[in-house]
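Below is one structure, written out as structure tokens; comments come after it.
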Amino acid sequence: MGKTLIFGHKNPDTDTICSAIAYADLKSKLGLEVEAVRLGEVNGETQFALEYFNVDAPRFVETVANETNSVILVDHNERQQSVSDIDQVQITEVIDHHRIANFETSQPLYYRAEPVGCTATILNKLYKENNVEITKPIAGLMLSAIISDSLLFKSPTCTEQDIAAAKELADIAGVDASVYGLDMLKAGADLSKKSVPQLLTLDAKEFSMGGFKVEIAQVNTVDVNDLLVKQAELEAVIYQTIAEKNLDLFVFVITDILNNDSVALALGHKSEAVERAYNVQLVDNKALLKGVVSRKSQIVPVLTEALS
């Protein structure tokens with residue numbers, strides 16, 4: 001089992017899928033036997049990018065130890081966000097831009113983590129460092145990842161490095177980042193055909209915060225009311241998820257990509273942490289979070305502090 005599998009977190013987003021594809025492309029050109037795979041369904045936004053640049057989605061896998069001894073993680077490091085049998089394989093590399101938590105290995109590894117808005121921004125550097133040319137399709141996917149994670153450069157996680165990388169990649173891909181990016185985000189914001197369970201798992205991550213188990217799911221939309229009319233159905237599924245996973249808190253974040261605000265629907269016996277974290281009052285289990293769009297920088301660290 002010589003091939004190394006490259007993948008991002010469960011419930012993959014655009015950065016997870018596109019960065020896995022891009023890093024597999026780079027490693028292959030450097031002579032390594034690798035394959036990009038995915039741990040979940042491709043969402044509408046990512047599918048738009050794949051189809052636009054004519055690239056196939058990675059193969060879906062549920063486990064990895066049955067086919068490889070080594071893996072590379074992109075866009076995540078926390079074990080509960082990764083493949084179920086991650087403890088049965090050797091992690092040889094991590095390329096990430098998130099906090100480091102619940103992560104340890106028995107062997108040394110290459111670990112590249114930078115405080116930028118997107119994994120693809122780091123990969124853009126790696127292509128340059130290895131003197132490997134980025135092709136048009138790969139540039140397009142990496143650009144898509146940056147646009148997605150930065151909400152078209154409006155997220156507080158977006159850095160000057162992300163913007164510079166996006167400009168370079170847009171030139172290679174031959175697209176106008178603003179025009180293409182808005183079309184891609186709108187494709188991802190079309191949730192009309194998604195069931196309630198799908199909405200809650202499209203982009204959900206589980207975290208350990210101060211000894212508590214927390215799951216944060218997030219969706220982007222152009223009208224939060226399209227989802228809030230389903231609140232009773234959402235709450236029913238969330239309560240079921242809390243019971244099944246023994247969660248202390250589940251936060252469903254509905255982000256308005258036009259106004260750059262979010263509504264949080266918080267359930268669980270630690271839901272008051274949301275009130276303390278943001279100095280808001282939950283009314284009917286929900287609250288408006290003004291200016292909050294980033295789970296990575298505006299939700300996870302704030303809730304972690306509130307629960308510590």
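The figures that follow rest on heavy atoms only: side chains count, while hydrogens, waters and symmetry mates do not.
- Among Leu5, Ile86, Leu109, the one residue that satisfies the side-chain contact (heavy atoms from CB on, under 4.5 Å) test with Leu73 is Ile86.
- More than 12 heavy atoms of other residues, nucleotides or ligands sit less than 6.0 Å from atom CG of Asp176.
- Judged by distance alone, with hydrogens and angles left aside, the side-chain atoms of Ser271 form a donor-acceptor pair with the main-chain N or O of Gly268 at under 3.5 Å.
- Residues Thr121 and Asp162 have side chains that bring a donor and an acceptor to within less than 3.5 angstrom of each other.
- By the salt bridge (Lys or Arg N to Asp or Glu O under 4.0 Å) test, Asp96 pairs with no residue at all, sequence neighbours left out.
- Nearest heavy atoms, Pro137 versus Val55: CB-CG2, 3.9 Å.
- Of the candidates Thr241, Val214, Leu267, Leu247 forms a side-chain contact (heavy atoms from CB on, under 4.5 Å) with just one, namely Thr241.
- For the residue pair Lys296 / His97, a side-chain donor-acceptor distance below 3.5 Å is found, with atom types taken as modelled.
- Counting only residues at least two apart or on different chains, the salt bridge (Lys or Arg N to Asp or Glu O under 4.0 Å) pairs with a member in residues 243-262 are Glu215-Lys245, Asp261-Lys290.
- If you check the side chains of Glu62 and Ser84, you find no donor sitting under 3.5 Å from an acceptor.
- Residues Tyr23 and Phe7 place their aromatic rings such that the two centres sit no closer than 6.0 Å.
- Counting heavy atoms of neighbouring residues, nucleotides and ligands inside a 6.0 Å radius, atom CD of Gln90 exceeds 12 of them.
- By the criterion of side-chain heavy atoms lying less than 4.5 angstrom apart, applied directly or through intervening Ile, Leu, Val, Met, Phe, Trp or Tyr residues, Val222 is not grouped with Leu227; the two fall into different hydrophobic clusters.
- Side-chain atoms of His9 and Ser82 form no donor-acceptor pair, as typed in the model, at a separation below 3.5 Å.
- A side-chain N or O of Asp190 and one of Ser192 form a donor-acceptor pair less than 3.5 Å apart.
- Not counting sequence neighbours, the partners of Glu129 by the side-chain contact (heavy atoms from CB on, under 4.5 Å) test are Arg112, Lys125, Leu126.
- In the hydrophobic clustering of this structure, Ile299 does not group with Ile242; members are Ile, Leu, Val, Met, Phe, Trp, Tyr whose side-chain heavy atoms approach within less than 4.5 Å, directly or through other members.
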Residues 40-48, side-chain donor-acceptor partners within the protein, below 3.5 Å, at least two apart:
| residue | atom | partner | partner atom | Å |
| --- | --- | --- | --- | --- |
| Asn43 | OD1 | Glu45 | N | 3.1 |
| Asn43 | OD1 | Thr46 | N | 2.7 |
| Asn43 | OD1 | Thr46 | OG1 | 2.8 |
| Glu45 | OE2 | Thr14 | OG1 | 2.5 |
| Glu45 | OE2 | Ser148 | OG | 2.5 |
| Thr46 | OG1 | Thr14 | N | 3.4 |
| Thr46 | OG1 | Thr14 | OG1 | 2.8 |
| Gln47 | NE2 | Glu51 | OE2 | 3.1 |

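- Taking the six-membered ring for Trp and the full ring otherwise, the centers of Tyr52 and Tyr180 sit less than 6.0 Å from each other.
- Residue pairs meeting the salt bridge (Lys or Arg N to Asp or Glu O under 4.0 Å) criterion with at least one member in residues 71-83, sequence neighbours excluded, are Glu78-Arg99.
- In terms of heavy-atom proximity, Val293 sits nearest to Ser155 at CG2-CA, 4.1 Å.
- For the pairing with Lys27, the side chain to side chain donor-acceptor pair (under 3.5 Å) check across Glu93, Glu33, Glu35 returns one residue only, Glu93.
- Within a 6.0 Å radius of NZ in Lys186, no more than 12 heavy atoms belonging to other residues, nucleotides or ligands are found.
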For Ile147 and Phe153, what are the C-alpha separation, side-chain angles and deciding distance, and is it a side chain to side chain contact (heavy atoms under 4.5 Å, CB included)?
CA-CA 7 Å; Ile147 289 171; Phe153 317 122; 4.3 Å; yes
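- Residues Leu202 and Val300 fall into different hydrophobic clusters, defined by Ile, Leu, Val, Met, Phe, Trp and Tyr side chains chained together at heavy-atom separations under 4.5 Å.
- Linking Ile, Leu, Val, Met, Phe, Trp and Tyr residues whenever their side-chain heavy atoms come within less than 4.5 Å places Ile216 and Leu289 in a single cluster.
- Here the shortest heavy-atom pairing between Ser262 and Leu288 reads O-CD1, 3.4 Å.
- If you chain together hydrophobic residues whose side chains sit under 4.5 Å apart, Leu30 and Tyr110 fall into the same group.
- Counting only residues at least two apart or in different chains, salt bridge (Lys or Arg N to Asp or Glu O under 4.0 Å) contacts with residues 274-285 comprise Glu272-Arg276, Asp284-Lys286.
- Few gaps surround NZ on Lys29; more than 12 heavy atoms of other groups in view lie less than 6.0 Å from it.
- At distances below 3.5 Å, at least one donor-acceptor pair connects side-chain atoms of Tyr127 with backbone N or O atoms of Ala22.
- The shortest non-hydrogen separation linking Phe103 to Asn77 is CD1-O, 3.1 Å.
- Nearest heavy-atom pair across Val74 and Thr16 is CG2-O, 4.1 Å.
- A donor-acceptor contact closer than 3.5 angstrom links the side chains of Ser70 and Thr4.
- The heavy-atom pair separating Phe53 from Leu141 by the smallest distance is CD1-N, 4.2 Å.
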